Amino acid sequence: MTQCCINPSILSADFVNLEAELQRISNADAVHVDVMDNHFVPNLTIGLPVVQRIQAVSPVPLDAHLMIADADRWAPGFADAGLASVTFHAEAAIAPIKLARELRARGAKAGMALRPGTPVEPYLDMLPELDMLLIMTVEPGFGGQAFLDVTLPKIRRARQAIDGSGIGVAIQVDGGITEDTITRAAEAGANVFVAGSAVYGAEDPAAAINRLREAGTQKLRTAAE
Ligand code: DX5
Ligand code: ZN
């Protein structure tokens, strides 16, 4: 059975108490760290120095989502920081294959993200260069938005391509993931789920992670049957 991973996004956490906020999600598979530069997306979050500190204290591995322009130049530095996984946007990279290889060479898993309106087809041939494909299920930039069901066919096509070629690429979805929408995304073929408000908006984030994992795993099980 495909593994179901829940990666809470600290975008919805209390940025003044990040270390404590990380401890509240120690049962997560990884922590999703959203880096925004106010160019690629109309919002600004944190940069490499803060990410390095998070890496130093986090009880779980880091999954960085770089919503930054000029990814070719900036993404390798995040891999050098020892992050488990570094995801750049296809729309922000000039040489995505070269960049994915560089991330892997520096010891990180290589992820590539697609905005909701970016088709997956032009990138199918490069899937073997990636460890993870991130299909955005909202427009990147802000937490708390509603899941875009219009992205489900793209998730299905990506899953078919991956299963058909026998390569082990994870499909991550990010944006609007709740106990309700996670089942639709899992059914379509996603197996790594980012959840910001659904985890940090809950009274007990660790319990919310368990509920999401249960919902996602059940659908993965059904889809595999
Ligand atoms: C949005 C970010 C997401 C965001 C998800 O651009 O990439 O990771 O934190 O937040 P929710 O789960 O609230 O949609
Ligand atoms: Zn994200």
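Everything numeric in this text was worked out from a predicted model, so none of it was measured. For ligands, and for the atoms within them, numbers begin at 1 and follow the listed sequence. Sequence positions, counted from 1, serve as the residue numbers for this chain.
- Distances below 4.0 Å separate heavy atoms of P140 from the following atoms of ligand 1: 6 (O).
- For ligand 1 and V194, the ligand atoms under 4.0 Å from any heavy atom of the residue are 8 (O).
- Remark: minimum distance from atom 12 (O) of ligand 1 to any protein heavy atom is reached at G196 N, 2.7 Å.
- Around CG of D163, the count of heavy atoms belonging to other residues, nucleotides or ligands within 6.0 Å exceeds 12.
- Remark: ligand 1 and G143 share no N or O pair separated by less than 3.5 Å (distance only, no angle test).
- In this structure, the separation between CG on L11 and OH on Y200 is 11.0 Å, given to the nearest 0.5 Å.
- What sits closest to atom 14 (O) of ligand 1 on the protein, heavy atoms only, is G176 N, 2.8 Å.
- D34 and S9 form a side-chain donor-acceptor contact under 3.5 Å, judged by distance and modelled atom types alone.
- Every atom of ligand 1 with a heavy atom of G175 under 4.0 Å away is listed here by number and element: 14 (O).
- Some N or O of S9 is nearer than 3.5 Å to an N or O of ligand 1, by distance alone.
- Ion pairing between a basic and an acidic side chain is recognised when a charged N comes within 4.0 Å of a carboxylate O; K98 and D72 show no such pairing.
- Against a heavy-atom cut-off of under 4.0 Å, A195 is close to the following atoms of ligand 1: 12 (O).
- Side chains of I10 and P8 form no contact here, defined as non-hydrogen atoms less than 4.5 Å apart.
- Atom CD of E19 sits in a sparse spot, with 12 or fewer heavy atoms from other residues, nucleotides or ligands closer than 6.0 Å.
- Between V120 and K154, the closest side-chain pair of non-hydrogen atoms falls below 4.5 Å.
- When only interatomic distances are considered, the shortest N/O to N/O separation between D34 and ligand 1 falls below 3.5 Å.
- Closest protein heavy atom to atom 1 (C) of ligand 1: F142 O, 3.5 Å.
- Remark: distances from the non-hydrogen atoms of D174 to ligand 1 include one below 4.0 Å.
- In this structure, the separation between CD on Q55 and CG on L48 is 10.5 Å, given to the nearest 0.5 Å.
- No side-chain heavy atom of D63 sits under 4.5 Å from any side-chain heavy atom of V31.
- Within the structure, the closest approach of A198 to ligand 1 does not fall below 4.0 Å when heavy atoms are considered.
- Below the 2.8 Å limit, the Zn ion (ligand 2) has as protein N, O or S neighbours H32 NE2, D34 OD1, H65 ND1, D174 OD2.
- Here's the thing with G144: one of its N/O atoms is less than 3.5 angstrom from an N/O atom of ligand 1.
- The nearest heavy-atom contact from the protein to atom 6 (O) of ligand 1 is G141 N, 2.7 Å.
- The atoms of ligand 1 that sit less than 4.0 Å from any heavy atom of H32 are 8 (O).
- When side chains are defined from C-beta on, I135 counts as touching L133, because their heavy atoms get closer than 4.5 Å.
- In this model, no donor atom of one side chain and acceptor atom of the other lie less than 3.5 Å apart for N38 and N43.
- Which parts of ligand 1 touch M67 is read off a 4.0 Å heavy-atom cut-off, strictly below it: atoms 6 (O), 7 (O).
- Applying the 4.0 Å criterion to heavy atoms of H65 picks out, from ligand 1, the atoms 7 (O).
- The distance from the CG atom of L130 to the CD1 atom of I167 is 8.0 Å, given to the nearest 0.5 Å.
- The backbone N or O of C4 sits nowhere less than 3.5 Å from a side-chain atom of T217 that would complete a donor-acceptor pair.
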- Would you please test T178 and F147 for side chain to side chain contact (heavy atoms under 4.5 Å, CB included) and show each step? CA-CA 9 Å; T178 62; F147 182 86; over 6 Å; no
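- The protein heavy atom nearest to atom 13 (O) of ligand 1 is S197 OG, 2.4 Å.
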- Message: Please evaluate residues E139 and R115 with respect to the criterion salt bridge (Lys or Arg N to Asp or Glu O under 4.0 Å), reporting the C-alpha separation (whole Å), side-chain torsions for both, the decisive distance (0.1 Å), and the verdict.
- Response: CA-CA 6 Å; E139 283 298 344; R115 300 182 79 122; 3.3 Å; yes
